[in-house]
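In what follows, a structure is listed as structure tokens, so that the remarks can point back to it.
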Amino acid sequence: EVNDLFEDIKDGVKLLALLEVLSGQRLPCEQGRQLKRIHWVSNIGTALKFLEGRKSVYRGSPIKLVNINATDIADGRPSIVLGLIWTIILYFQIEELTSNLAALQALSSSASSVDSMASSETGSPPMKRKGMTKFQGNAKKAMLRWVQSTATKRLGIEVKDFGPSWRSGLAFHSVIHAIRPDLVDMDIVRKRSNRENLEEAFSVAENELGIPRLLDPEDVDVDKPDEKSIMTYVAQFLKHYPDPHQSETDGQQEEREERKVLREVKIWLDQLERDILRAQGSEESLTDRYQAFKSFRVQYEMRKKQIESLLQPVHKDGKLSVDQAVVKQAWDHVSVRLLDWHIHLDKSLPDPLGVIGAWLHRAELSLREDIPIQQAHEETANIILRKLEQHKEVLKNLEGHRQTFQQIHRDRSVNGVPVPPEQLQDMAERFNFVSTSSHIHLIKNEFWEMKYRLMAFLMLAESKLKSWIIKYGRRDSVELLLQNYIAFIEGHKFFEQYETTFQTLKQAADSYLKSGASAEEVEGVNKFLSDATAQWKNLSVEVRSVRSMLEEVICNWEKYSSTVASLQAWLEDAEKMLNQSESDKREFFRNLPHWIQQHMDMNDAGNFLIETCDETVSRELKQQLLLLNGRWRELFVKVKHYARADEVDKLRKDYDDGIEALKAFIDMANERMNTPVQVSFLNIRTYLQDVEDIKHKVPSMEAAYKTATRNAQQLTKDLTEEEIAQMLATMAAIKDELSKVERALPLLRDSQAMLPPLEEMEKHITGFYQSLEKASRITSSRDSEAPGDFKQKCQELVTYQQSCKKCLSVIDKNHQIILKSLDTSKNLKHLDTSLLERRISELQGMVKETTEWKRHVEANSSLMKRFEESRVELEKVLKVARSSMTERGNPEDLLKKHTEFFGQLDQRVLNAFLKACDELTDILPEQEQQNLQETVRKLHKQWKDVQTEVPSHLLHLKVELEKSRLMASVQECQAEVARENRSLPSMGSERLIKEHRMFFKEKGPQALCEKRLQHMEELCSKLPESEQARQTLENARTAFAEVKEDIDSTHQKLMQHPDKWKEFNTRFSELSAWVTSKENQLRLLRNRAGDPSKFGQVKSTIEVRNKDEGNVSWLKTRLAALIEVCTESDAQRQGAALSKLSSDFKGLLTSLSESEKVVLAVSDCVQFREEVKTTLEELTQGQQELQSETSKILNSESVREAQQLLLLHQQQLKRLRLKRKEMQEQINRGKQLQVEEGLEESLQEDLQKLEATLSEMDQSTESQEKNLEVTLAAWQEFEGQQAAVREFVGKVRSVTEREMNLNK
């Protein structure tokens, strides 16, 4: 029975039982009452191994259990447990039921049949193609298509999935209708609600078809029903559905169509291969051959997807059919042919481009080469590592080939040899692909290498864990296993190795994800890291627990071996001792409890070993324990009464000790609670502490009494009646005494109630005596003390009298509370209050001495108080005024604050003080009056001094304020001067001069400084002569003079700085040098102006005449601007130099104009010579073309072809004669130029060459044309004669054949 799936499945027992029922096979199982986690993991591992060993109905490959580990099941993780159960349902129910359909026998095994949460690595489904069965797909798709084809489509119901499509209940009714049409009326079904349809469908299926009710309507009538639940339920209907024979017939027809398509593809591939071989062997140019290759490659790519879809395996074992195998072989041949041809074309390119082409193929092969996944992950990782090293070796030449290829790509040729542009562009794209993809390829392969290394590590750890989680043998084998464990874990640094591998993998994964991985790749990498972390977390816990388990097994072996040996020896001695005397047996069996414990330890260790060891060892242990336990039982029955000897002695000693402790406690309690106590705070507190101590000990004494009672009860079996009676009497007496002590404990509460008033009384008695003592000192010394202390003494005496009165009041109140408590309490009769009464009487008699002084103080206290208040107020005002006179800070804030304060200074404060002084003088002694008058005179004088000093103090503040403002402006000027000096190298003096003038304009900081200095002089003139004011004014003048000097010197420095002339001088020098150079060139070229051969040099010299006219204008404009920011001497000097340069430049322009007129006359001659040269080249090329056409005509294969070529020849000759007319016109124009410009000598040679070329062309064309006409006429005559001969031969042959036939 399963009550909680996640808990009941943990030990693996019920899981194995389920698999045995489903598979009909017997599976090994660890069972027992004391199964530990190690046995749970072993059972679950057996179940998972069994599942992985079974093959999928569709794929024919083992079932994949991804991310389902034994430790997760043992932990009861819900998601993993549910995934495992769904996998079992899918393989043992849904797949088996769907595979029984005759129409589904040809389902492809290439797709994954596990569409579940149990797997996270599902492959892409195969591509659809013509010829596949309509049930192509996995179990889920097969069942969905069965529903669609056999039930829903016939009734017009659309079912797209196993989720929302089933919510209305129509799909369930359509399936039932397909099996038993008499059970469902679809018209009624369409009118009902979802819940009604679902309830009816589940009920009919259960009652009529016997299908268990696995679903409830509320489970399906939701937005997203659970697909797995619906699939599980719908699969039950397959048992009741008849075999669809028609589907089988359809499948056979589609198979024939598929074979026909495959044969057509085979024919096309064979023809394509023959065409490729023929084109590859042609003698065309490299460009044409590459164009042919591109054409075949396009055909190949267009048919690629279709052929790959046709090559999807259709058999359950994943093998191809015979037709598919033949097509695949032909497809591979074509692929190899194209690749070899491409490599040959790239290598045919001139070096070094051919070398680069071969390298590109190696690099592309390295990038696109698939990695064969091996059975062992470590081998896969090593293969990836070798591929990485090979790829890095290929990439060593990347940079060198890149530079060479870029140069070739720019030149479009190799060492002057042209390269086919299309092939070169394709290579550029391939080179770019290799360059951009190589880095990502390396990063990706590094990640995959580390991924497989981690997977290999985890698989090794799991295999080791399985070898350690076994049924153990003898102790030596377990110790050997522990040594093996320690050697592996510590020798290989197991946990450190994982951390190193995982961190390296994590770094590789980060680089991989940052290199532009797709969202799907990112999700896959993150999921793998998460799964690996979770797997390692569980695996590491299990690996660590192995050691403790092995050590526990060894420890139990040690305990079992030692206890068995010692117990066997003791049993032999004990069996012999049974025949000895009673005293000897009592002495020998005194330590029987020890051997009882040894016997229990032996059984515990033995039972543990029986559960954890293999069957052979467990059987031996069971036999040995059975024998020893039998001997123990026989002996223990005879000697068990000896086990109490030591126990009786111990009980008697414990009883005596307990009785003695109880008696001592009772005596101490009676003594402390019944002794008379004088009432005082200290005595009552001590008494309370004693009672509380007794109260705290009462529970322990009660426990001791109970322990003594138990001991006495246990001893009654071994004591005489007299001892028992004495013991009972003692216990009864102690119980009575303890009851008395407990009944007396309520006095603790009454005593605690007295403690607070006693404590308060004691505190106020102490305060009373202190105040009374101080008051007594005042009253006893009032005549001898000085009159000046009279006021203070009065105040102190009043204070002390009030304190005494208050203390006495509190004492009386607490005294009454204590007396009341004693009268009402029945438990405090032994407390004595005589001492307390006596102390209170003494206190009441000590208050009378200060009564007379009280009245005296009350009469004078009002006047004294008024005087003190007015004096304090006056002193406070004077103190604030004096502190204001010496206060330092911001002058502006101080001036505002002091002006306001001294403006509010009030004479009434002084008047109130003088009035209070007059009233107090009347009641003071004469000597005290003199002291009071002296105090008044001092305060009055201070008041007048303050009134006198206030105006000058405010003027000083105004001076300081103006000085601070002046210094702020001075600092602003200094900062500007410093900035200008600092910025001079970078900004230039011209800009700084403008900024200087702008900053120090009329209303700038400098003018403001002068204004504030003048204001300070006016304020100082109003003050009396003082060193401080004079020094302040002098400091301000000095500071302003210094900053003014800095301003002037900085301005002069900027005006004289030469940097502003730098660009002007540079362009001036350039223009001056240019004018001088051009003047020299003109002098040399004046004699060459009429020579056409020197025309280009003269023209270039004249054409630059306007080049620097803008420079002269710029120099003039710049000089005008610089005059404003430079000294007068610099302006005059630079102006004179510029005037001279401008005059020279104008003279140069005049000379250039005269030379230009001569050049214009020569330009026509030069142009004519260029035209003649071009014409001669065209004539030469035309003659060469005519000669080439003549050769083609003579080499023609037929007269018809020769006549066609002759027509083309005549057209070319016509164009050449038209060109001759243009040449004759050029000759006439040349002669005219000789006459007009006087250039006979320079043009004579060109005209002679042109005339000679025309004459030669006329002669050659005439002779060629005549020869061609004669040759063609002879050729035509020959063709006619040849035709006549052929006709004659044909007639003769036919006549001969007729005669021969007649002769036969």
Of all residues at least two apart in sequence or in a different chain, which pass the side chain to side chain contact (heavy atoms under 4.5 Å, CB included) check with [X]?
| X | result |
| --- | --- |
| Ile470 | Tyr472, Leu481 |
| Met459 | His377 |
| Lys464 | Leu460, Ser467, Trp468, Asn484, Phe488 |
| Ser548 | Ser545 |

Go through the structure and list residues passing salt bridge (charged side-chain N to carboxylate O under 4.0 Å, His left out) with [X], not counting sequence neighbours.
| X | answer |
| --- | --- |
| Asp72 | Arg77 |
| Glu523 | none |
| Glu218 | none |
| Asp476 | none |

> Using 4.0 Å as the upper bound for N to carboxylate O, is an ion pair formed by Lys493 and Glu490?
Replying inline: no
>> Closer than 4.0 angstrom, basic N to acidic O: yes or no for Lys14 and Asp8?
In response: no
>> Could you work out, with side-chain hydrogen bond (donor to acceptor under 3.5 Å, both in side chains) as the rule, every residue matching Gln507, not counting sequence neighbours?
In response: none
>> Going by salt bridge (Lys or Arg N to Asp or Glu O under 4.0 Å), name the pairs with one or both residues in residues 548-562, residues two or more places apart or in two chains.
In response: Arg475-Glu558, Arg547-Glu551
> ring-ring contact (aromatic ring centres under 6.0 Å, His included) with His177: which residues, sequence neighbours excluded?
Replying inline: none
>> Can you list everything that forms a ring-ring contact (aromatic ring centres under 6.0 Å, His included) with Phe202? Sequence neighbours excluded, please.
In response: Phe172, Tyr233
